> 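I have a structure I would like to understand better, so I am pasting it below and will then ask my questions one at a time.
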Amino acid sequence: MLLIRYVPQIARVLLALTLSIACSTAIAMDVVKFQPITDYRDISDNYYYDILKASLDVTSEAYGPYEVEVYQHAMVSQRMLVELTKGENLTVAVSPYKAAWEGKTLIVPFPVNKGLSSYRMFFARKYNLPILKNITSLEQLKIFRFGQGRGWSTAKILEDNGFHVVYSDTYHAFPNMLTANRFDLFMRGTHEVIWEKAKFASSNPDLTVVEWFALFTYLPSYINVNKAHPKIAERLEVGLKKLNASGELDKTFQKSYTEAIRLISSANRKVFFLENTNLPPGIYERDKPYLLDVGFND
């Protein structure tokens, strides 16, 4: 009788423990401490936040609930890496690929900017437009001086490919330096050109955007995750690929960058291709299926 009476009690205790463990597992939540960008001049905050949330939403059934905390203060690249490595204030951040970050974060292997930053346009002085109009090759471009910031990945790409680079320590100096003939071309991403064109024109009316050519060098941006959170990195990769396969990612991207995509798609502009010497071999080939298809990345 004693044995019969105690067996149900033991069973009830075991059942209670099992339910408790199951409940605690079910309510486990991924807390994502997020920083959209490294550069305070970038206007991609909303897009990156939207696709992060969408990636977490589309994986909720498999990975559970989540909470996103957005870090509100802009950071330079090195500060972001420090915070991302510590993982106290920041666990997830978007950044252009940086070789120096390899091994220090978990890089989600999906190009969240879909190749947009790879398409580079140029500011120049109106005085130089007649000669620029006749440019037909990269070799001809090498006679010009390119303004770049110290530490910019694009500066290394230009130098590695034999271009003459003139440096500035501050972004705000570039329009005046170009106007003063300190260099000839200021290379910018398409979405940057859109808002900088109006900004520069107000104080430097002699500057304009070159319409006849652009440059393509693959400049991917990735989500980086603190190394203590491999589950979040895996979840975001799964989510991004689901959104891409369903077409939702393209819809969000095109809504955010309508004008930039229009500029990229212009049939009247010659595009020169330049190797990104910062990237490991095979990265462009791996990412190519996920790039926005507008004909410039063939």
Side-chain angles (χ1 to χ4, degrees), residues 34-45 47-49 51-52 55 74-85 90-121 146 148-161 163 165 171 187-192 214-227 229-230 232-234 236-237 239-241 243-244 249 253 256-257 260 264 273-292 296-297:
F34 180 57
Q35 172 74 9
I37 53 172
T38 58
D39 191 335
Y40 68 90
R41 296 183 306 274
D42 200 311
I43 58 175
S44 305
D45 303 55
Y47 168 71
Y48 289 139
Y49 177 76
I51 64 169
L52 176 82
S55 299
M75 300 183 203
V76 296
S77 176
Q78 191 56 38
R79 168 73 187 283
M80 177 179 280
L81 178 60
V82 170
E83 292 291 342
L84 197 54
T85 303
L90 199 61
T91 57
V92 174
V94 175
S95 172
Y97 173 82
K98 293 179 172 61
W101 287 33
E102 282 282 1
K104 298 176 183 177
T105 68
L106 300 174
I107 300 176
V108 179
F110 188 98
V112 290
N113 64 353
K114 297 186 74 69
L116 181 71
S117 297
S118 310
Y119 190 86
R120 316 300 288 181
M121 297 179 67
F146 288 72
Q148 292 282 281
R150 296 190 189 280
W152 290 9
S153 61
T154 48
K156 182 178 182 299
I157 294 169
L158 289 169
E159 284 200 335
D160 288 348
N161 283 279
F163 289 86
V165 175
Y171 162 80
M187 187 170 73
R188 306 298 290 150
T190 310
H191 64 288
E192 294 168 323
L215 187 146
F216 181 88
T217 184
Y218 187 45
L219 294 169
S221 287
Y222 299 109
I223 294 177
N224 290 257
V225 181
N226 175 272
K227 292 182 74 173
H229 298 279
I232 292 177
E234 176 188 288
L236 291 173
E237 181 179 356
L240 287 167
K241 289 180 177 178
L243 293 173
N244 187 75
L249 189 61
F253 188 86
S256 301
Y257 295 108
I264 290 173
F273 291 81
L274 195 65
E275 179 188 2
N276 183 347
T277 52
N278 298 311
L279 290 180
I283 294 296
Y284 175 71
E285 290 74 16
R286 180 197 70 189
D287 291 353
K288 189 173 180 180
Y290 307 117
L291 301 183
L292 193 68
F296 67 86
N297 54 349

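Note that this is a predicted model, so its numbers are computed, not measured.
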> Between M187 and E192, is there a side-chain heavy-atom distance shorter than 4.5 Å?
no

> Taking side chain as C-beta onward, heavy atoms only, is L219 less than 4.5 Å from N278?
no

> With the side chain counted from C-beta on, respond yes when L81 and K98 share a heavy-atom pair under 4.5 Å apart, and no when they do not.
no

> Apply the test side-chain contact (heavy atoms from CB on, under 4.5 Å) to residues K288 and Y218: give CA-CA distance (whole Å), side-chain angles for both, the deciding distance (0.1 Å), then the verdict.
CA-CA 10 Å; K288 189 173 180 180; Y218 187 45; over 6 Å; no

> Going through the distances and angles, do K114 and N244 end up as a side-chain contact (heavy atoms from CB on, under 4.5 Å)?
CA-CA 10 Å; K114 297 186 74 69; N244 187 75; 3.0 Å; yes

> Enter the distance from L215:CG to L274:CG here, rounded to the nearest 0.5 Å.
5.0 Å

> Could you tell me the separation between the CZ atom of F110 and the OH atom of Y290, rounded to the nearest 0.5 Å?
6.5 Å

> Could you check if a side-chain atom of Y284 sits within less than 4.5 angstrom of a side-chain atom of L291, using non-hydrogen atoms only?
yes

> Using the ring of each side chain (for Trp, its six-membered ring), is F146 parallel, tilted or perpendicular to F163, with breaks at 30° and 60°?
perpendicular

> Is there a donor in the side chain of N276 and an acceptor in the side chain of Y97, or the other way round, less than 3.5 Å apart?
no

> Is N226 close to L90 at the side-chain level, that is, under 4.5 Å between some pair of heavy atoms?
no

> Measure the spacing between CD1 of I107 and CD1 of I223 and express it to the nearest 0.5 Å.
12.0 Å

> Would you name the heavy atoms of A233 and V108 that are closest together and state the gap between them?
O-CG2, 3.8 Å

> Out of curiosity, Y222 OH to T105 OG1, how far, rounded to the nearest 0.5 Å?
12.0 Å

> Which atoms form the tightest heavy-atom contact between L106 and P230, and what is the distance?
CD1-CA, 3.6 Å

> Would you please classify the geometry between the Y257 ring and the F253 ring as parallel, tilted or perpendicular, with 30° and 60° separating the classes?
tilted

> Please round to the nearest 0.5 Å and tell me the distance separating atom NE2 of H191 and atom OH of Y47.
11.5 Å

> Taking the side chain as everything from C-beta on, heavy atoms only, tell me whether L279 gets closer than 4.5 Å to P220.
yes

> Are the side chains of L292 and L116 in touch, meaning some heavy atoms are under 4.5 Å apart?
no

> Test side-chain contact (heavy atoms from CB on, under 4.5 Å) on I157 and W152; report intermediate values, then the result.
CA-CA 9 Å; I157 294 169; W152 290 9; over 6 Å; no

> Short question: side chain of T190, backbone of Y119 - any donor-acceptor pair under 3.5 Å?
yes

> Test side-chain hydrogen bond (donor to acceptor under 3.5 Å, both in side chains) on N224 and K104 and set out the steps.
CA-CA 9 Å; N224 290 257; K104 298 176 183 177; over 6 Å; no

> Minimum heavy-atom separation for A214 to M121, with atom names?
CB-CG, 4.3 Å

> Less than 4.5 Å apart, side chain to side chain, heavy atoms only: is that true for H229 and V92?
no

> Indicate the atoms forming the closest heavy-atom contact of K227 with G103, along with that distance.
NZ-O, 2.9 Å

> Can you give me the closest heavy-atom contact between G115 and F216, atom names plus distance?
O-CE1, 4.4 Å

> To the nearest 0.5 Å, how far apart are OG1 in T154 and CD in E159?
10.5 Å

> Ignoring hydrogens, what is the shortest heavy-atom contact between Q148 and A155? Give both atom names and the distance.
OE1-N, 3.0 Å

